[in-house]
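Note that the structure is a prediction, hence the values are computed from the model and not measured.
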Number of protein chains: 2
Amino acid sequence: MKANLSDVAKEAGVSAITVSRALRHPDKVSKKTLDKIMSVVDRLGYIPDPAARALAVGKTNVIGVVVPSVTNNVFSDVMRGIFETSEGSKWQIQLGNSRYSPLEEERLVRTFLSQKPAGLILSGLEQSEATSKLLMNADCRIVQIMECGPAPYDMMIGFSHIEASRVATRHLLEKGYKKPGYIAARLDPRSQRRLQGFEEVTTAAKLYDPARIVTTPRPSTVTLGCELTADLLSKAPDTDAILCNNDDLALGALFECQRRGLNTPNEIGICGFNDLEMMAVANPAISSVRTHRLQIGQQAMSMMDAALAGPEPDPSVIDVGFEMSARESTNRSAK
Amino acid sequence: MKANLSDVAKEAGVSAITVSRALRHPDKVSKKTLDKIMSVVDRLGYIPDPAARALAVGKTNVIGVVVPSVTNNVFSDVMRGIFETSEGSKWQIQLGNSRYSPLEEERLVRTFLSQKPAGLILSGLEQSEATSKLLMNADCRIVQIMECGPAPYDMMIGFSHIEASRVATRHLLEKGYKKPGYIAARLDPRSQRRLQGFEEVTTAAKLYDPARIVTTPRPSTVTLGCELTADLLSKAPDTDAILCNNDDLALGALFECQRRGLNTPNEIGICGFNDLEMMAVANPAISSVRTHRLQIGQQAMSMMDAALAGPEPDPSVIDVGFEMSARESTNRSAK
DNA sequence: TTGACAAATGTTAGCGCTGTCATTTTGTAT
DNA sequence: ATACAAAATGACAGCGCTAACATTTGTCAA
C-alpha cells in the first residue's frame with residue numbers, strides 16, 4: 001500500500017538510485033528527470049523510510065538531547081530554543097530526561113548512541129566516567145550546554161555559574177546587607193558552584209557564616225522556598241538578605257517573609273537566580289541574575305547544525321554571559 | 001569495530017537467528033545456549049541496531065508525543081509523567097512541539113508516522129482534517145490526552161474543561177461575588193471551552209457581562225496576567241472577582257491587584273486554573289481548580305504500554321476529573 | 001567527424017536484523 | 001529399541017535504501 005523508492009522509480013521510468021539521488025542530491029540529477037521524479041513523488045505520496053536510510057548510511061538524523069529535568073523552567077526554556085531552531089530542518093530531536101542522575105544520563109547516552117545519532121546535546125560539564133568514555137569515542141557531534149568550562153568534548157555553550165553568583169553576592173553587599181544567607185535545593189554541580197561563589201565573596205568580605213546557608217537535596221519549588229526561608233530565619237533570625245539558588249525559591253522566600261511581616265527590601269533583601277519573567281512583576285519586584293536560557297538552546301542547535309552542515313562553527317565554545325537584574329527586592333534604600 | 005549479531009553468533013558458536021531469538025524471545029531458546037549467548041553479548045558489548053530491526057520488522061519502538069508547548073507548566077508535568085513511566089521500558093519517547101499550530105501538528109504526525117512508531121500520544125480532541133485522516137489509517141496505537149470527549153481515535157485520558165470551569169464559576173458565585181470577570185490568554189480549544197463554561201454559568205445566574213471578559217492570543221505569562229487584569233479593571237472597574245484561564249494569569253492578577261491596593265479576597269476575588277504548587281503559598285493563597293497533569297502523563301503511558309503489550313486496556317477512555325481547591329483568595333467572608 | 005571529458009544514469013551489493021519454513025535434536029511413550 | 005511429537009536451531013531471503021563503481025549520453029574542440 002505504501003509506496004517505496006522502486007515504486008517511484010518504476011512510475012517515473014528511472015532506476016531507484018536516481019530517485020534516491022533526486023531526493024538527497026538534486027544537483028546530481030538533470031532538471032528534466034528531477035521534475036518528473038518530484039511529480040511522481042507527490043502523486044504517490046512517497047515518504048522515505050528513515051530506518052532503511054539509517055541502515056544503508058550507518059547514521060540517522062537524530063539529535064539526542066539529555067536534560068536533567070523537563071519540568072524545571074530553566075530547561076523548558078532551553079528545550080524551546082532547541083525545538084524552535086530545529087524546526088524545518090531535517091534533524092529529528094529526541095529528548096531524554098536524566099532526572100539529575102549521572103547513571104540515568106549514562107543509560108540515555110547509550111540508548112542514543114545505539115541509534116547512531118548525528119549529534120548529542122548534553123547538560124553540564126561533568127559526566128560519569130563511563131559516559132565520558134562513550135562520548136570521547138562517539139562518532140557524532142556533541143554540544144555541552146548550560147556551563148562553560150575547560151576541555152569540552154566538542155562544542156560548548158553556557159556561562160560561568162560561579163561568576164554569576166559572585167556578582168549577585170557582591171550586589172547584596174553593595175546594597176548594604178551585612179548578614180546574607182543562602183538557600184538552595186537540589187544541589188546539582190551548577191548549583192554547587194553558585195553556592196561556592198557566594199561563599200567565596202562573603203568570606204572575602206568577612207561576612208561568611210555557615211549558619212546562614214540552608215540546603216536540601218529535594219527538588220526546588222516555591223513551597224520549598226518558603227520552608228527553607230523559615231529554616232534559615234529560625235537558625236539565624238538576624239539574617240538581612242537571602243540569595244536564592246533559583247527564582248522558585250526566591251518567590252517562596254518573598255511569600256514567607258510577607259507572611260512573617262518582614263519588609264522586603266528593608267528588613268530583608270531577596271535575590272533570585274535565572275530571572276524568570278514573573279520576577280519583574282512580583283511585589284516588590286525581585287532582583288535576579290538573568291540567564292540566557294532560550295538563547296543557549298537556540299545557539300546550541302545552530303552550532304550543531306553548522307557543525308553537521310559544513311565548515312566548523314567558529315567559535316566552538318561560547319560564553320553567553322548573564323546580567324544582574326537589580327530590582328526593588330534588594331534596593332534597601334528605597335521606600 | 002562495533003559488534004553485530006553475526007559477530008556474537010560466531011563467538012557463541014550458533015547462528016545469527018538464534019542470537020536474535022535469545023534477545024527477543026528468550027523462552028524460545030534453551031537455557032544453555034541462552035546463557036552462552038548472553039555472556040558473549042556482555043563480553044562484546046553488543047548493542048542491537050534499532051534501524052536494522054525497524055527495517056526487518058517494519059516497526060520501531062518509538063512512541064511519538066506531540067504537545068502544544070514545552071514551556072507551559074501544564075505540559076511539562078504531563079511530559080514528566082510520560083518520561084517517568086516509560087523509563088526502563090523498551091519504548092523510545094520522541095517529543096514534538098506543535099506550538100499550538102494544527103499545521104505544525106500535522107507536520108509532526110507525518111514525520112512520526114514515517115518512522116512507523118509503535119504509538120502516538122496527542123493533545124486534545126481536534127486535529128486538522130488531514131491529521132485526522134492520517135490518524136484513522138495509522139498503523140499504531142493512539143492516546144489522546146488532556147481532554148475527554150466523544151469519538152476517540154483509539155484511547156483517551158483527560159477531563160472535562162467546560163465542567164471544570166463551571167465548577168470554578170459556581171464557586172465564585174457561591175462565595176457571593178456578583179460581578180465576575182474572566183481573563184484568558186492563548187485561546188486553544190481547551191481554553192475556549194473553559195471560557196464557555198464561565199459564560200454558561202454566569203448567563204444562567206444573570207450575571208453575564210461581555211465587558212468583563214478580556215482575552216488575548218498572546219502566550220500566557222504572569223506579566224500578561226497583570227496586563228489583562230489592568231485591562232479588565234479599566235473596562236469594568238466594578239468587577240469583584242476574576243476567574244483566570246490558568247495559574248500564571250492568576251498570579252499576575254494577584255500582583256496587579258496588590259499593586260492597586262485592592263484587597264483580595266474582599267474587594268476582589270481571584271481564582272486560577274490547574275493548581276500549580278505555588279498557588280497554595282501565595283499571599284493570600286490562591287484558589288484554583290486542581291488538574292491531574294502528572295497522572296494524565298503517567299496513565300497515558302501506562303495505557304499505551306498495556307495496549308502494546310497484550311490485552312486491551314480497560315477502560316480505554318479515562319476521565320481523571322479535577323478538584324476545586326478553594327483557598328483564601330476567594331473566601332470573601334474571611335478576615 | 002572524431003576523440004576526450006564531463007554529466008547523467010544504471011548495476012550490484014550490502015547495511016543488520018528477523019519472518020518463514022526446513023531441519024535437527026531432544027524427550028516421551030510404547 | 002522404536003516411533004512420534006515437541007523443542008531447538010538453522011538456512012535463506014528480504015525489509016528499503018544508498019555507496020561504489022560501471023556504463024551511457026551529451027558537449028565541445030580540433
Side-chain angles (χ1 to χ4, degrees), chain A residues 1-38 40-41 44-62 90 92 111 113-118 139-140, chain B residues 1-38 40-41 44-62 90 92 111 113-118 139-140:
Chain A
M1 54 177 294
K2 262 194 62 187
N4 63 17
L5 249 200
S6 26
D7 294 335
V8 176
K10 225 169 290 170
E11 194 73 10
V14 296
S15 71
I17 187 70
T18 304
V19 178
S20 170
R21 273 200 282 259
L23 263 26
R24 304 287 162 203
H25 316 282
D27 52 310
K28 301 258 174 200
V29 169
S30 74
K31 179 83 172 62
K32 216 181 62 183
T33 42
L34 183 61
D35 289 349
K36 181 157 31 143
I37 288 172
M38 284 318 190
V40 176
V41 164
L44 265 48
Y46 168 70
I47 300 175
D49 180 333
R53 179 177 156 75
L55 184 56
V57 180
K59 228 166 202 356
T60 62
N61 288 336
V62 166
K90 64 175 174 178
Q92 186 68 33
T111 309
L113 286 180
S114 81
Q115 300 187 54
K116 303 181 179 155
D139 179 28
C140 71
Chain B
M1 52 177 294
K2 258 194 62 183
N4 62 18
L5 251 200
S6 26
D7 295 335
V8 176
K10 225 169 289 170
E11 195 72 9
V14 295
S15 71
I17 187 69
T18 303
V19 179
S20 169
R21 271 197 210 105
L23 263 27
R24 304 288 163 203
H25 316 283
D27 51 311
K28 303 259 176 200
V29 170
S30 75
K31 178 84 172 61
K32 215 181 65 184
T33 40
L34 183 60
D35 289 348
K36 181 160 29 146
I37 289 173
M38 285 316 192
V40 176
V41 164
L44 264 49
Y46 168 71
I47 300 175
D49 180 333
R53 178 177 157 75
L55 185 56
V57 180
K59 218 143 219 11
T60 61
N61 288 337
V62 166
K90 64 177 176 179
Q92 186 64 37
T111 309
L113 286 180
S114 81
Q115 299 188 52
K116 302 182 181 154
D139 180 27
C140 70

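Heavy-atom distances under 4.0 Å link DNA chain D to A:R24 of residues 21-35 of chain A, given in residue order. For the segment residues 51-59 of chain B, residues with any heavy atom less than 4.0 angstrom from an atom of DNA chain D are, sorted by number, B:L55, B:A56. Heavy-atom distances under 4.0 Å link DNA chain D to B:V14, B:S15, B:I17, B:T18 of residues 11-18 of chain B, given in residue order.
Annotation: side chain to side chain donor-acceptor pair (under 3.5 Å) contacts of B:S114 (sequence neighbours excluded): none. A search for salt bridge (charged side-chain N to carboxylate O under 4.0 Å, His left out) contacts involving B:K32 returns nothing, not counting sequence neighbours. The salt bridge (charged side-chain N to carboxylate O under 4.0 Å, His left out) check on B:K90 picks up nothing, with sequence neighbours excluded.
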Under 3.5 Å, side-chain donor or acceptor atoms of residues 5-18 of chain B against the rest of the protein: list the pairs with distances, not counting sequence neighbours.
| from | atom 1 | to | atom 2 | distance (Å) |
| --- | --- | --- | --- | --- |
| B:S6 | OG | B:N4 | OD1 | 3.2 |
| B:D7 | OD2 | B:N4 | N | 2.9 |
| B:E11 | OE2 | B:R43 | NH1 | 3.2 |
| B:S15 | OG | B:T18 | OG1 | 3.2 |

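For B:P50 against B:P48, the heavy-atom pair with the smallest separation is CD-O, 3.2 Å. Scanning all heavy atoms of the two residues, the minimum distance from A:A52 to B:L55 falls at CB-CD1, 3.7 Å.
With a cutoff of under 4.0 Å to any heavy atom of chain B, the contacted region of DNA chain D is bounded 5' to 3' by D:dA8 to D:dG16.
Legend: salt bridge (charged side-chain N to carboxylate O under 4.0 Å, His left out) pairs involving residues 17-29 of chain B, not counting sequence neighbours: none detected. Sequence neighbours left out, the pairs with a member in residues 47-57 of chain B that pass side chain to side chain donor-acceptor pair (under 3.5 Å) are A:K116-B:D49.
Residues A:L113 and A:C140 form a side-chain contact, since some pair of their non-hydrogen atoms from C-beta on lies under 4.5 Å apart. By the 4.5 Å heavy-atom criterion applied to side chains, B:T60 and B:Q92 are not counted as neighbours.
Distance B:K2 NZ to C:dC17 P: 9 Å, rounded to the nearest Å. As rounded to whole Å, 14 Å separates atom C1' of C:dT18 from atom NZ of B:K116.
Across its full length, the helix from C:dT1-D:dA30 to C:dT30-D:dA1 shows an angle of 30° between the axes of its 5 terminal pairs at either end, rounded to 10 degrees.
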What protein N or O atoms touch nucleotides 23-25 of chain C N or O atoms at under 3.5 angstrom, if any, and at what distances?
none

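The neighbour count for B:D35 CG, taken as heavy atoms of other residues, nucleotides or ligands under 6.0 Å away, is above 12.
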